[in-house]
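Shown next, in structure tokens, is the structure this report addresses.
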Amino acid sequence: MSYDPTIYAGAAAHYRRGRPAYSPQLEAVLTEELDLDGTGRLLDAGCGPGILTVRLAHLFQEAVGLDPDAAMLAEGRRFAAERGIRNIRWVQARAEDLPAAAPGPYRLVTFGQSFHWTDEARVAEIVYDMLQPGGALALIVHTVAGRRVPPSPGPPPIPHREIEALVEKYLGPARRAGQGPAPVRTHRFEDVLVGTRFGAPRSVFAPGIPDLLRDSESVLSGYFSMSFSSPHLFGDRVENFAAEVRELLALRSPEGVFWDWPGDTEIILARKPAQPRTPKEHQDHL
């Protein structure tokens with residue numbers, strides 16, 4: 001899969017403000033599942049502006065945030081400095097550039113809503129070799145399907161359908177990403193991982209934030225942080241689009257406050273055995 005450096009052009013400044021947070025219990029769940037104790041190393045691949053990297057760094061002796069986008073990494077460095085976190089090394093590279101770009105071993109390798117941008121099976125096999133025995137790969141995503149939707153705390157929900165209609169008005173009906181069409185994923189990550197040396201993964205859920213409230217500018221930033229509606233795609237009409245979104249949001253909530261339900265945080269965990277498989281065990285897996 002070739003990398004298009006314009007996929008998130010102009011999006012880095014909007015990402016932290018516009019993307020909803022993962023579950024507040026994420027660290028506790030990972031710690032319990034993986035017996036984390038402040039030792040070992042973390043690799044957060046496709047880290048963007050370091051949302052996961054910064055949150056998880058204190059659970060390890062060292063963390064590495066890896067992303068091909070220099071603007072995203074600059075935001076990550078800024079974020080870490082704001083939090084006084086000094087054990088993160090930032091590396092500009094793709095997951096396909098591993099292991100040379102950021103050699104292992106690692107106790108945990110995470111992909112926060114970024115695994116789909118990679119050559120999935122190939123990258124999973126690379127990660128397998130980079131993990132220490134007993135280490136884990138964790139694909140971390142927001143999941144709504146099949147999860148109970150909590151009641152609204154009061155404010156109206158984000159009018160996603162209407163905003164997406166405005167995106168289509170400006171950019172056309174076919175979703176774009178960078179210089180080409182947005183990729184469409186028709187398979188599950190589980191179906192990819194089961195065909196690798198990891199074998200079948202399992203999903204663990206951490207409860208989402210049921211009363212997450214967002215202001216209008218956060219909602220707009222959320223769309224500017226997406227590959228299919230990042231600022232560069234609008235060209236010289238980007239301010240016109242922003243004005244229409246703000247007008248719509250003001251009509252839907254004069255107070256400028258919206259309820260967001262991105263779902264629960266799903267952690268798709270794949271483990272490397274603590275002991276190497278024998279040739280027979282490996283053949284049985286295949």
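Start at 1 with the first residue, then count along the sequence. Reckoned from all heavy atoms, side chains included, excluding hydrogens, waters and symmetry mates.
- Side-chain heavy atoms closer than 4.5 Å link hydrophobic residues (I, L, V, M, F, W, Y) into clusters, and following such links, possibly through other members, connects Val123 to Val64.
- In terms of modelled atom types and a separation under 3.5 Å, the side chain of Arg83 and the main chain of Ile85 share no donor-acceptor contact.
- Leu137 pairs in a side chain to side chain contact (heavy atoms under 4.5 Å, CB included) with only one of the listed residues (Phe189, Tyr128, Phe111, Tyr106), which is Phe111.
- At a threshold of 4.5 Å between non-hydrogen side-chain atoms, the residues Tyr3 and Pro68 count as touching.
- Classification of Arg55 and Glu27 as a salt-bridged pair holds, one side-chain N sitting under 4.0 Å from a carboxylate O.
- Using a cutoff of 4.0 Å between basic side-chain nitrogens and carboxylate oxygens, Glu164 and Arg161 are not scored as salt-bridged.
- Counting only N and O atoms by type, the side chains of Asp44 and Thr110 include a donor and acceptor under 3.5 Å apart.
- Taking CD of Glu217 as the reference point, atom CZ of Phe224 lies at 9.5 Å (rounded to 0.5 Å).
- For Ser230 (side chain) and His232 (main-chain N/O), no donor-acceptor pair under 3.5 Å exists by modelled atom type.
- When every heavy atom of Asp129 is checked against every heavy atom of Lys272, the shortest pair comes out as O-NZ, 3.9 Å.
- The shortest side-chain heavy-atom distance between Tyr223 and Val245 does not fall under the 4.5 Å cut-off.
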Applying salt bridge (charged side-chain N to carboxylate O under 4.0 Å, His left out), run through Arg175 and Glu168 and close with a yes or a no. CA-CA 8 Å; Arg175 283 196 171 187; Glu168 184 172 326; over 6 Å; no

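- Within the model, atoms CG of Leu249 and CG of Asp215 stand 10.0 Å from one another, a figure rounded to the nearest 0.5 Å.
- A donor-acceptor pair shorter than 3.5 Å cannot be found between the side chains of Thr39 and Gln61.
- Here salt bridge (charged side-chain N to carboxylate O under 4.0 Å, His left out) pairs that include residues 219-243, with residues two or more places apart or in two chains, number zero.
- Panel note: side chain Ser216, backbone Val219; no donor-acceptor pair is recorded below 3.5 Å.
- Leu166 and Leu171 fall within the same hydrophobic cluster, where Ile, Leu, Val, Met, Phe, Trp and Tyr residues are linked whenever their side-chain heavy atoms come under 4.5 Å apart, directly or through other members.
- The closest side-chain donor-acceptor pair between Glu244 and Tyr170 falls under 3.5 angstrom.
- Contact detail for Ser229 and Phe234: the closest heavy-atom pair is O-CE1, 3.4 Å.
- By the 4.0 Å N-to-carboxylate-O rule, Asp37 lies close enough to Arg107 to be salt-bridged with it.
- Looking at heavy atoms from C-beta onward, Thr143 lies out of side-chain contact with Asp264 at the 4.5 angstrom threshold.
- The pair Glu162-Arg252 meets the salt-bridge criterion, since a charged nitrogen lies less than 4.0 angstrom from a carboxylate oxygen.
- Annotation: the span from Arg202 atom CZ to Ile268 atom CD1 amounts to 12.5 Å, rounded to 0.5 Å.
- The closest side-chain heavy-atom distance from Arg176 to Phe228 is not below 4.5 Å.
- Checking Arg17 against Ser218 by side-chain atom types alone, no donor-acceptor pair falls below 3.5 Å.
- Note that CG of Leu220 and CD1 of Ile163 are 8.0 Å apart. Values are rounded to the nearest 0.5 Å.
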Output, in order, the C-alpha distance, side-chain angles, deciding distance and verdict of side-chain contact (heavy atoms from CB on, under 4.5 Å) for Ile267 and Tyr22. CA-CA 11 Å; Ile267 307 158; Tyr22 294 115; over 6 Å; no

Between Leu213 and Asp260, does the side-chain contact (heavy atoms from CB on, under 4.5 Å) criterion hold? Intermediate values first, please. CA-CA 6 Å; Leu213 301 181; Asp260 189 11; over 6 Å; no

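- No side-chain donor-acceptor contact under 3.5 Å links His14 and Tyr8.
- With a 4.5 Å cut-off on side-chain heavy atoms, Met130 and Leu98 count as touching.
- Contact annotation: the side chain of Arg188 approaches that of Asp191 to within less than 4.5 Å [non-hydrogen atoms, C-beta and beyond].
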Applying side-chain contact (heavy atoms from CB on, under 4.5 Å) to Glu125 and Arg197, what does each step give before you reach the verdict? CA-CA 7 Å; Glu125 293 287 1; Arg197 283 175 290 167; 2.6 Å; yes

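- Remark: the backbone N or O of Pro210 is paired with a side-chain donor or acceptor of Trp259 at under 3.5 angstrom.
- Formation of a donor-acceptor pair under 3.5 Å by the Asp67 side chain with backbone atoms of Gly48 is found in this model.
- The closest donor-acceptor contact from the side chain of Ser225 to the backbone of Gly222 lies under 3.5 Å.
- In terms of heavy-atom proximity, Ala136 sits nearest to Leu269 at CB-CD2, 4.4 Å.
- Leu131 has its side chain out of reach of Pro105: every pair of non-hydrogen atoms, C-beta onward, lies at least 4.5 Å apart.
- The distance from atom CG of Leu59 to atom CG of Leu26, rounded to the nearest 0.5 Å, is 9.0 Å.
- No continuous path of ILVMFWY side-chain contacts below 4.5 Å connects Leu52 to Leu212, so the two sit in separate hydrophobic clusters.
- Of all the heavy atoms in Ala206 and Val29, the pair that sits closest is CB-CG2, 4.0 Å.
- Contact between Cys47 and Gly65 at its shortest, heavy atoms only, is SG-C, 3.5 Å.
- In this structure, Thr265 contributes its side chain and Ser23 its backbone to a donor-acceptor pair below 3.5 Å.
- Proximity of a side-chain donor or acceptor of Asp4 to a complementary backbone N or O of Gln179 within less than 3.5 Å is detected.
- The pair Arg16-Glu82 meets the salt-bridge criterion, since a charged nitrogen lies less than 4.0 angstrom from a carboxylate oxygen.
- By the 4.5 Å heavy-atom criterion applied to side chains, Trp90 and Thr53 are counted as neighbours.
- Considering every non-hydrogen atom in both Ala80 and Ile88, the closest pair reads CB-CD1, 4.3 Å.
- Residues Leu139 and Ile126 fall within the same hydrophobic cluster, defined by Ile, Leu, Val, Met, Phe, Trp and Tyr side chains chained together at heavy-atom separations under 4.5 Å.
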Output, in order, the C-alpha distance, side-chain angles, deciding distance and verdict of side-chain contact (heavy atoms from CB on, under 4.5 Å) for Met226 and Arg19. CA-CA 9 Å; Met226 300 290 185; Arg19 293 293 180 103; 3.5 Å; yes

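- The existence of a salt bridge linking Glu266 and Arg147 is excluded, since no basic side-chain nitrogen approaches an acidic carboxylate oxygen closer than 4.0 Å.
- Under the 4.5 Å side-chain heavy-atom criterion for Ile, Leu, Val, Met, Phe, Trp and Tyr, Leu73 and Val54 are members of the same hydrophobic cluster.
- Here the CD1 atom belonging to Ile7 is positioned 9.5 Å from the CG atom belonging to Asp69, to the nearest 0.5 angstrom.
- Because its NZ or CZ atom is not both nearer than 6.0 Å to the ring centre of Phe198 and within 45° of the ring axis, Arg271 does not count as a cation-pi partner of that residue.
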